Amino acid sequence: MTAPAPFPRAARLLRPADFARLQGGQRVGTRHFSAQVAANEHSGARLGLAISKRVSKRAVRRNRLKRLARDSFRHRRAELPAVDILIIARPSADQEDNASLRAELARLWQRIMTLNGADGVGTMRA
RNA sequence: AGAGCCGGCCAAGCAGCCGCGUCGCGUUCGCGCGCCGAGGAAAGUCCGGGCUCCACAGGGCAGGGUGCCAGGUAACGCCUGGGCGGCGCGAGCCGACGGAAAGUGCAACAGAAAGCAAACCGCCGAUGGCCUCGCAAGAGGAUCAGGCAAGGGUGAAACGGUGCGGUAAGAGCGCACCGCGAGUCUGGCAACAGACCGGCACGGCAAACCCCACCUGGAGCAAGACCGAAUAGGGGAACCAUGACGCGGCCCGCGUCGUUCCCGGGUUGGUCGCUCGAGUCCUGCGGCGACGCAGGACCUAGAGGAAUGGCUGCUCACGACAGAACCCGGCUUACCGGCCGGCUCUCCUU
């Protein structure tokens, strides 16, 4: 029912350095998430996740948020520009069900796209 | 049929689409195909081991742990069987359950007294003395000497309990039963039990110090090993003053710092450690059992910013607690509900 939308390793933030670079990136916030965005030198968008134990002490619940975010991201990755995105979950996210979190993530990707179109992200380019 | 006890097991299912990780095969290096891919607790990190490194060689002290007995096990604080005590009509369940005659200590309040007993209320006053009566024997009275600890009262606890005898009143003073005992015998590997005997002497607390028996180095896979680029600590051998420093609790003890010679090297990345193991299943034999032995079959997650998922549809008893991170054995805690086996009690029917 859905078009193929793979999510290879190249589309993930793997090194501590990748995360550190995003400290200076642009911030985008929604009700249950916040994101740090910066342009990268790769061919597509990359995703990193930061879901601390402050969100939930239960590993199962943190896993749910990560999986949801990754799945949502991979479906929209083709539309996103070449940016690194770090998604940070707020503790309130733990209370929401899958459907509303998916809707919120969809809006988040949309805002990142428009942000990039308005040229804000270019600041990180060397 | 209803209540309940014990042991074992399962953890919504199916399909489609889109994904993720290891491995194998193919590859036009984009990827494609196939197999496999969380738990009974993966959890808490409370014990025990394996493995690894650290200065280990030994002895002593200290510290810590365990604590009825006997087994099982790699080991344990776990498990099995047994004993004792308690709870339950019962199937069964629960128990830090060694030593109080080695010593030290503790016990608020209350109470006369809290531990080599003592005597507030009380009981008695036989015996000696006193008073009255009596010629006397003696009788009566008070309770001075004195005797007693039954009863009352306090307390968590008061120097065996109940009953009978006994007595001036009483008292293990005597007896019966119970309790108690560092006695004897019998049974048992033992914990312990039974019988007999003794005679009432020894209160409680050892999750108070302590004593006894047994166990016990420390840190942890970010342990640790290997590979490889810039700055330049390092490793081995020989000699030496016995000073300073260090030695994962301390001491004996041991080592380093110095000089000479020889050899070549660490944080961050990559690879390994990383899953074949006290493994799982089946059968047979031994054992009450935990478990052991033998044979056969099987390979069953291995990530690393961290995979094991998302969406949709259908079915039903409407789905709990919860996510591996070096690996095992336990314990504890969380949990919607369901299945199987064995057993107990009550009621009904025959």
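A note on names: the letters A, B, ... follow the listed sequences, proteins ahead of strands, and every chain is numbered from 1. Computed from a predicted model, the values in this text were never measured in an experiment.
Between the P atom of B/rG21 and the CG atom of A/N63 lies a distance of 16 Å, rounded to the nearest Å. Rounded to an integer number of Å, the gap from A/H75 NE2 to B/rG310 P is 12 Å.
No contact: A/R62 has no heavy atom under 4.0 Å from any strand.
Annotated as anti: B/rG305, whose glycosidic dihedral deviates from 0 by more than 90°. B/rU300 has its base syn relative to the sugar, with a glycosidic angle deviating from 0 by at most 90°.
Of the P atoms belonging to B/rG218 and B/rC250, the separation is 14 Å, rounded to the nearest Å. Comparing B/rG233 with B/rU260, their P atoms sit 16 Å apart, to the nearest whole Å. Using atom C1' as the reference point in both B/rA62 and B/rG249, the two lie 8 Å apart (nearest Å). To the nearest whole angstrom, the two C1' atoms, one in B/rC78 and one in B/rA290, are 11 Å apart. Rounded to whole Å, the separation between the C1' atoms of B/rG170 and B/rG151 comes to 12 Å.
RNA chain B is contacted by A/R67, A/R70, A/D71 of residues 65-72 of chain A, taking any non-hydrogen atom closer than 4.0 Å. Taking every heavy atom of residues 84-100 of chain A and every atom of RNA chain B, pairs under 4.0 Å involve A/N98, by number.
A/F73 places none of its side-chain heavy atoms less than 4.5 Å from the side chain of A/L105.
Considering only side-chain atoms of A/R58, the nucleotide from B/rG309, B/rA322, B/rC311 that sits closest is B/rA322.
With both pairing distances under 3.5 Å, B/rG92 is matched to B/rC87 as a Watson-Crick or G-U wobble pair. Using the Watson-Crick or G-U wobble rule with both distances under 3.5 Å, B/rA190 pairs with nothing in any strand shown. Across the strands present, B/rA169 finds no partner; the criterion is a Watson-Crick or G-U wobble pair with both atom distances under 3.5 angstrom. Base pairing of B/rA102 is not made with any nucleotide, judged by Watson-Crick or G-U wobble geometry with both donor-acceptor distances under 3.5 Å. Under the Watson-Crick or G-U wobble criterion, with both distances below 3.5 Å, B/rC197 is paired with B/rG181.
Residue A/R102 places no side-chain atom within donor-acceptor reach of the base of B/rC311, judged by atom type and a 3.5 Å distance cut-off alone.
Mapping A/A50 and A/R61 onto RNA chain B by nearest heavy atom places A/A50 closer to the 5' end of the strand.
In summary, the side chains of A/R64 and A/N98 do present a donor paired with an acceptor at a separation below 3.5 Å, with no hydrogens or angles considered.
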